[in-house]
Amino acid sequence: MSARCALSLLAGAITCLLLPGLPWWPPLAVLVLVGAGCWWRGGRLRWLGPLLAGFGWAGLQATYILSSQLPPHWEKRDVAIEGRIVDLPQAELRRTRFRFKVDDREAMPGPLRGRTLQLSWYDDFDALAPGPRTGLKAGARWKLVVQVRAPRGLSNPGGFDSERHALSQRIAATGYIREPGRARALSTPAGINAWREALSARIQAAIASPSSRYVRALALGDTRGLDDQDWEILRAAGVTHLIAISGFHVGMVAGFFALCAAGLWRWAPGWMQRVPRPQVAGMAGLAGACGYAALAGFALPTVRTVLMIAVVVVARLSRRPVRVVDSLGLAIIALVLFDPLSLLAAGFWLSFAGVAVLAWCLPQSQHWAKGFLSAQGAATLGLLPLTVALFGQASAVGPLINLVAIPWWSLVVVPLSLIGTAMEVMHAGAGGWAWRAAAWCFDLTWPMFVAMAQSRFALWWLPEPAWYALPLAMLGAFWLLLPRGVPGKSLAALLSLPLLWPDLESPKQGEVELLVVDVGQGLSVLVRTEHHNLLYDTGPAVPDGFDAGERAVVPTLRALGVAALDRVVISHGDNDHAGGFASVIAAIPSRGSLAPQGSPVLADAACVAGQSWTWDGVRFRFLHPTAHFPYLGNEASCVLRIESAHGVALLTGDIGEVIERELVRRASPDLRAQVVLAAHHGSGGSSDPAFVTATGARLVLVSAGFGNRFGHPRPDVVARWQGHGAEVLNTAESGAIRLWLGQDGLQVRERRRARARLWDAVGRRQVAALSYRPANRRPQVPED
């Protein structure tokens, strides 16, 4: 019964969280009350109770968190706040990132009072060494001057959804430190996180080898020492689930505490007469699990395991037998009721699905070696669809590496790390030998794992599938895991094809597709024909900070199935157009690059007016700069005309009015286009009236950052294009913009509307204004 109730509760909660917008909160409250009543009274409608309660409870939680986010009129203000650092500050080359809980006092700004903020403290650009940010410690109270804004992120295929992450973590605003000279520490570090940070520093001091960062992750869940390259290797090796404290480690600690308590009770027969040994072992195991979860900062995987152990312990105390499926169901119910927004985290689904697969597939009694191999095979097959759908990747060497990593790390490296931690708690300096032994044992296998992970075949990046691909693949995996003799298993494997080989929606001969990547204040456009790919600009990159090429462009290319680029065009050398160039060509092979003559970009050749080529029936031709044109930054931008049998697109870079008027004078017929990229992000110095008239555009695309300090696109520029009959779309509002020029005419899809979610900042405003438009697969732009 608990399993059916858990599934019903899950279905209701996830259905609510997948809505494009939230219903009004009073009906949600009614659903919670009605659902709880049906659930309590039972009868024929008992299954409906958890469904309604889960839907209403998740909606109420999401409504409360979203309503507590910073109002728009409070953005871009400098505000003084006091509060406590509530996580382990993550120091980088130029900044330190940390979470900050504002004091719940009348003196604090109303919208921030008692809220959690995600803050960054940057060094000055001319700084030669880290500044006062090095004094940030977990658990310390500070007085800061900050500038914050409501959580908002980019929206691209395959990209990280930072707005969903902010909702699940209950982050009310993001921002950075202003006036660092006024920052002042109000108290010394205190609390569990302060203790974790101090212990992490001791591990780092005790281990001289680079492996100390992995011991810190395994002992304390402190992954701050792992850089992007480390995580890339871990993903390729398929062992990210092992490197930080996981549910398996919590269960192992709980079992150790239970065995110790049971052994102690054997030596005290008098105690057994008062409290039975199984009950004492259960309580000791739960206490150990809770302590270890606190050591990991109560990370979600550890909380899930603690809840499952608590269910088993309560059952033992009540002397009632509990099956694995019942304990799993009760743990799901407890976690969803405690935090329904945890369903937004990938770890929730992977953890519970992994336990469910193992509990269902493995027999109760078999040889330990055969059981381990069976468990590894069942987990790999059962979790593959979820892994691909959630992360867009799969490790080909992961199952093989895990055969060694799971027993070696979990039974040798982790216990040594924990022994060192326990001894260090009892006496400072006593745990160093165990930590060093853990690092030595880790180093025995790590080089082999790195070599396997760096193979070109280790990690498969898979394109973003359609919504129905995951349910079909899960059904196929379920059928393949059924007992031997069940017919149709070879056909069941075909159900995974939509997930592993999805439709890429590639253009046909003579057609062209454009995708304007949402890179914030910058530009990157992917142009695809039937068999070729061209990338026009690569977005901005801040030294030692955000790199749009790495964070936005590369994930988008992988999500669209672009394995290589036939050509990269960098319109000019400004950072917001060329900053991500190095990251893109490092991750995606390129067969050549072009940039204006004299630009600082290290391209293979120069773009020159008149240069042209044809791919798959689509002609590409540069209109600017002309031969011997001096490099003048924006004015030297490569202007590219893309002409297909079904329409023309014009990519203009950052040219200004002077060049636009020159193009009108020199090549007016070539400017005629259905789709135009507004020059210089829609600035007031571009989109000359004569140029606008000459293009006759039906659709104008603007790539700009939300709330950018330049005011792009300028309202008068937008009005100018609209006055000539063009529809204007901006990545700040639409997210990535994908359009086709094909046999069916001009078609467009806006990412934020096609994937509308209730936590989407733009979508919430559109729903509130009753202007939400449901998105079809390829909605048509109205004809003139």
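Since the model is a prediction, treat every value here as computed from it, not as a measurement.
Applying the side-chain hydrogen bond (donor to acceptor under 3.5 Å, both in side chains) rule to Arg235 yields no partners; only residues at least two apart in sequence or on another chain are considered. Looking at residues two or more places apart in sequence or on another chain, you find no salt bridge (charged side-chain N to carboxylate O under 4.0 Å, His left out) involving Arg84. Evaluation of the side-chain hydrogen bond (donor to acceptor under 3.5 Å, both in side chains) rule for Asn193 yields Arg196 as partners, not counting sequence neighbours. Taking the salt bridge (charged side-chain N to carboxylate O under 4.0 Å, His left out) definition, one finds that Glu232 meets it with nothing, sequence neighbours left out.
Salt bridge present: Arg752 and Glu163 bring a charged side-chain N and a carboxylate O closer than 4.0 Å. Between Asp760 and Arg753, no side-chain nitrogen of the basic residue sits less than 4.0 Å from a carboxylate oxygen of the acidic one, so the salt-bridge criterion is not met. Between Glu197 and Arg224 there is a salt bridge, with a side-chain nitrogen of the basic residue lying less than 4.0 Å from a carboxylate oxygen of the acidic one.
Counting heavy atoms from C-beta outward, Phe348 and Leu341 have side chains that stay 4.5 Å or more apart. The closest side-chain heavy-atom distance from Leu497 to Leu472 is not below 4.5 Å.
Judged purely by atom type and a 3.5 angstrom limit, Asn402 uses its side chain to pair as donor or acceptor with the backbone of Gly398. Side chain of Ser410 to backbone of Pro407: no donor-acceptor contact under 3.5 angstrom is found.
No more than 12 heavy atoms of other residues, nucleotides or ligands sit less than 6.0 Å from atom CZ of Phe256. Annotation: Trp195, atom CH2; neighbour count of heavy atoms from other residues, nucleotides and ligands within 6.0 Å is above 12. By the 6.0 Å contact criterion, CZ on Phe160 is enclosed, its count of non-hydrogen atoms from other residues, nucleotides or ligands being greater than 12. With a 6.0 Å radius and a threshold of 12 heavy atoms from other residues, nucleotides or ligands, Trp349 has its CH2 atom above the threshold.
Checked by atom type, the side-chain pair Asp518/Ser155 shows no donor-acceptor distance below 3.5 Å. Under the 3.5 Å distance criterion, with hydrogens and angles disregarded, no donor-acceptor pair is assigned to the side chains of Arg115 and Gln69.
Between Trp446 and Tyr214, the distance from one ring center to the other falls under 6.0 angstrom.
The nearest pair of heavy atoms linking Leu481 to Gly382 is CD1-CA, 4.1 Å. Gly83 and Phe100 get closest at one heavy-atom pair: N-CZ, 3.1 Å. Contact detail for Val215 and Ser417: the closest heavy-atom pair is CG1-OG, 3.7 Å.
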**OP:** Please report the C-alpha distance between Arg213 and Asp227 in whole Å, then the side-chain angles of each, then the deciding distance to 0.1 Å, and finally whether the salt bridge (charged side-chain N to carboxylate O under 4.0 Å, His left out) criterion is met.
**Re:** CA-CA 10 Å; Arg213 64 189 188 274; Asp227 57 23; 5.7 Å; no
Original post:
What do the steps show when you test Phe449 against Trp409 for ring-ring contact (aromatic ring centres under 6.0 Å, His included), and what is the final call?
Top reply: CA-CA 12 Å; Phe449 296 165; Trp409 287 3; 5.8 Å; yes
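In this structure, Arg97 CZ and Asp87 CG are separated by 9.0 Å, a value rounded to the nearest 0.5 Å.
Applying the salt bridge (charged side-chain N to carboxylate O under 4.0 Å, His left out) rule to pairs touching residues 463-478 yields Glu464-Arg751, Glu464-Arg755, sequence neighbours excluded.
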Exercise answer: donor-acceptor pairs, residues 50-63 side-chain atoms, under 3.5 Å, sequence neighbours excluded:
| from | atom 1 | to | atom 2 | distance (Å) |
| --- | --- | --- | --- | --- |
| Trp57 | NE1 | Leu337 | O | 2.9 |
| Gln61 | OE1 | Arg170 | NH2 | 3.2 |
| Thr63 | OG1 | Gly59 | O | 2.7 |

